[in-house]
Structure formats: C-alpha cells, structure tokens
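Worksheet for the structure shown next.
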Amino acid sequence: MTGRFIGVGVGVTPGSLSVAAWQDLQGADLVYAPRSQVSGSSVALAMLAGLDLDPARVREVLFLMDGDDARIETHYRTLAQEIAGELRAGRTVAYLTIGDSMTYSTYGYLLAQLRAVMPDSVRVTHPGITSYATAASLTEFSLGEEKERTLILPCPDDMDALRRDLLTHDVVAVMKIGHRFPAVLALLQELNLTEHATLASRLGLPEQRLLPTLTHLPTDLTRPGYLSVLLVRTPKERRFT
C-alpha cells in the first residue's frame with residue numbers, strides 16, 4: 001500500500017488552519033515545511049504555532065521561485081521524486097503552504113511534478129485562507145458587493161498595466177508587491193486612490209502591519225516586502241469600461 005500525499009494551505013495567521021486539514025496533518029508521517037532562502041525558518045510552519053505537531057516529523061525544504069522556469073521545474077521535480085519515494089514506502093506525506101494551496105502558490109509546481117512522477121498517487125489538497133481575504137477581514141474591506149468586479153493579481157512590473165487594471169475593475173487585490181511598492185504608491189497618488197487603498201504586510205508574523213488607508217504613510221514604510229497585499233476600491237466616477 002502506498003501512502004497519501006496531503007497539501008495543506010495553512011493560511012497567513014496562526015490558528016486559521018481548517019479542522020479537516022489539522023486532522024490529516026495529525027496522521028502524516030512526514031510534514032514538509034518550505035522556507036525561503038532568505039529566511040531562517042519556515043513561515044508556513046510558524047502558522048501552526050500552538051498546535052501539537054511533533055517536530056520529529058517535520059522536514060524543512062527550500063522553496064524556489066526565482067523566475068527561472070528551467071530551475072523551478074528541476075527543483076520541484078527533484079522534490080516530487082523524493083516525496084514519491086516516501087509514498088511508495090507507505091508513508092503519508094504532508095506539504096505546507098502559506099495562504100491557499102491553489103492561489104499563486106509554489107505548491108502548484110510541486111503538485112504538477114508529483115502528478116508527472118507518480119500519476120497514480122493518492123492526493124488530497126486542503127484549501128487555506130488567502131492573504132487578501134485575511135487583510136479584508138482585519139480592515140473591514142469588502143472584496144465585492146452586488147455586481148462589483150474584483151480582480152486578484154500578482155503585482156506587475158508594468159505600472160501602465162496596473163493602471164488599466166485599477167481603472168477597469170471595482171476592486172483590485174494586488175499580491176506580492178515587494179520592491180515595486182514605491183512605483184505602486186506613486187500610481188495610487190496620481191490616480192487619487194490612496195484613501196481608497198488598504199495595505200497589509202507580514203500578516204500573522206511579529207512584524208505585521210495594517211494600514212487602512214495610504215493617505216498618510218509611516219515614515220519607516222518604504223518597502224513592505226514580498227509578503228504584502230494591497231486592496232484598492234476605485235470609485236465609479238474614476239473608472240472606465
């Protein structure tokens with residue numbers, strides 16, 4: 001008998017894990033916890049703080065997302081082969097991912113490679129609460145009312161593209177802002193949208209910041225980092241279709 005593979009979206013704040021996901025995690029023989037190359041520990045694992053998860057079952061692995069498609073494919077295929085070996089040995093393997101498993105997550109790369117390496121593997125994926133949903137709840141920002149159009153996207157490098165997105169949708173959730181923040185802020189100021197924008201960064205971590213508007217920014221906020229999300233509602237009179 002081969003083991004099961006379990007993908008777990010852990011959300012972005014401790015305690016937001018679903019009951020079904022936690023029940024599956026408790027039965028896992030191995031729990032893979034990805035961390036970035038610039039982090040000393042796994043952010044996904046930090047979301048399980050306070051839960052009784054045996055550290056001996058946890059295996060931290062690097063996640064790769066550097067824009068090099070060939071390197072990414074090789075990295076996740078190697079990891080998928082390792083996990084497939086564990087599954088063939090009869091072990092149940094879980095893989096943690098921050099936010100939602102299937103929303104702009106590196107989990108999708110791993111899942112695709114695991115399907116290719118071991119198409120007959122038994123797999124289940126648990127959804128998680130996204131950063132934009134968490135930010136919306138914490139700041140009481142409605143992500144859509146009546147027939148409003150809501151767009152969710154990773155922050156583009158092209159600010160003209162973001163301008164079109166902002167002016168053709170009622171609500172836009174911009175993820176993964178990082179170093180683009182100064183350009184994004186300048187665009188919001190140009191469009192007079194700073195009072196209609198909400199920023200959340202490092203949700204669920206000690207450095208968490210929530211800004212209900214961007215009209216008056218703290219002086220120390222220059223780059224909120226990769227783990228940030230911007231919510232913008234464009235007033236009807238400023239939109240075009």
Side-chain angles (χ1 to χ4, degrees), residues 2-12 28 30-48 57-89 91 93-128 130-132 152-159 161-162 165 173-184 201-205 223-230:
T2 59
R4 286 197 313 151
F5 176 72
I6 306 162
V8 179
V10 298
V12 293
L30 282 174
V31 178
Y32 281 80
R35 67 174 176 85
S36 71
Q37 293 176 314
V38 298
S39 176
S41 59
S42 167
V43 174
L45 192 59
M47 297 304 105
L48 303 185
R57 293 188 288 142
V58 176
R59 184 177 296 179
E60 287 198 15
V61 292
L62 290 178
F63 76 80
L64 185 66
M65 192 61 188
D66 62 359
D68 186 325
D69 291 343
R71 284 189 63 201
I72 290 172
E73 181 177 357
T74 300
H75 175 82
Y76 286 104
R77 179 170 288 266
T78 300
L79 182 55
Q81 290 169 337
E82 178 183 323
I83 290 173
E86 299 290 354
L87 296 177
R88 293 189 180 103
R91 298 184 182 91
V93 178
Y95 184 89
L96 308 179
T97 181
I98 60 173
D100 175 58
S101 310
M102 304 304 293
T103 305
Y104 293 114
S105 171
T106 55
Y107 172 76
Y109 294 99
L110 174 60
L111 190 60
Q113 292 300 327
L114 184 59
R115 286 198 301 259
V117 169
M118 193 178 179
D120 60 342
S121 56
V122 179
R123 303 179 297 272
V124 61
T125 299
H126 292 284
T130 62
S131 60
Y132 57 84
I152 301 158
L153 76 162
C155 188
D157 292 314
D158 182 357
M159 290 299 107
L162 183 56
D165 291 331
V174 188
M175 304 172 66
K176 305 179 180 180
I177 299 171
H179 68 276
R180 307 172 190 85
F181 181 69
V184 173
S201 65
R202 306 289 289 177
L203 287 169
L205 299 173
R223 293 188 178 183
Y226 183 75
L227 295 176
S228 55
V229 59
L230 177 73

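- Separating the CG atom in D100 from the OG atom in S131 is a distance of 10.0 Å, to the nearest 0.5 Å.
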*So M175 and L153, side-chain contact (heavy atoms from CB on, under 4.5 Å) or not? Walk me through it.*
CA-CA 6 Å; M175 304 172 66; L153 76 162; over 6 Å; no

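- Here the straight-line distance linking atom OG1 of T103 with atom OH of Y132 works out to 4.5 Å at 0.5 Å rounding.
- A donor-acceptor contact shorter than 3.5 Å links the side chain of S42 to the backbone of P34.
- Separating the CG atom in L30 from the CZ atom in R91 is a distance of 6.5 Å, to the nearest 0.5 Å.
- For the atom pair CG of L230 and NZ of K176, the computed distance is 15.5 Å after rounding to the nearest 0.5 Å.
- Considering only heavy atoms from C-beta on, L111 comes within 4.5 Å of F5 through its side chain.
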Return a table of donor-acceptor pairs under 3.5 angstrom between the side chains of residues 114-122 and protein atoms on other chains or two or more places apart.
unit_1: S121; atom_1: OG; unit_2: M118; atom_2: O; d: 2.8
unit_1: S121; atom_1: OG; unit_2: R123; atom_2: NH1; d: 2.9

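- Considering V93, L110, L96, V8 in turn, V93 is the only one that fulfils the side chain to side chain contact (heavy atoms under 4.5 Å, CB included) rule with Y32.
- A donor-acceptor distance shorter than 3.5 angstrom exists from the side chain of R180 to the backbone of I177, with no hydrogens or angles considered.
- By the 30° and 60° cut-offs, the orientation of the rings of Y76 relative to Y109 is parallel.
- A 4.5 Å side-chain heavy-atom check between R35 and V43 finds every atom pair outside the cut-off.
- Contact annotation: the side chain of T97 never approaches that of M47 to less than 4.5 Å [non-hydrogen atoms, C-beta and beyond].
- At least one side-chain heavy atom of Y104 sits less than 4.5 Å from a side-chain heavy atom of I152.
- V124 has its side chain within reach of R4: a pair of non-hydrogen atoms, C-beta onward, lies under 4.5 Å apart.
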*Decide side chain to side chain donor-acceptor pair (under 3.5 Å) for S101 and T125; before the verdict, give the C-alpha distance in whole Å, the side-chain angles of both, and the deciding distance to 0.1 Å.*
CA-CA 7 Å; S101 310; T125 299; 5.9 Å; no

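- Here the OG1 atom belonging to T106 is positioned 11.5 Å from the CG atom belonging to L62, to the nearest 0.5 angstrom.
- Here the closest non-hydrogen pair linking A33 and L45 is CB-CB, 4.1 Å.
- Between T74 and R71 there is no side-chain heavy-atom pair separated by less than 4.5 Å.
- In this structure, the side chains of V174 and V184 stay at 4.5 Å or more apart for every pair of heavy atoms.
- Remark: E82 CD to R59 CZ distance equals 5.5 Å, nearest 0.5 Å.
- Checked by atom type and distance alone, the side chain of R57 pairs as donor or acceptor with a backbone atom of A28 at under 3.5 Å.
- With a 4.5 Å cut-off on side-chain heavy atoms, V229 and V12 do not count as touching.
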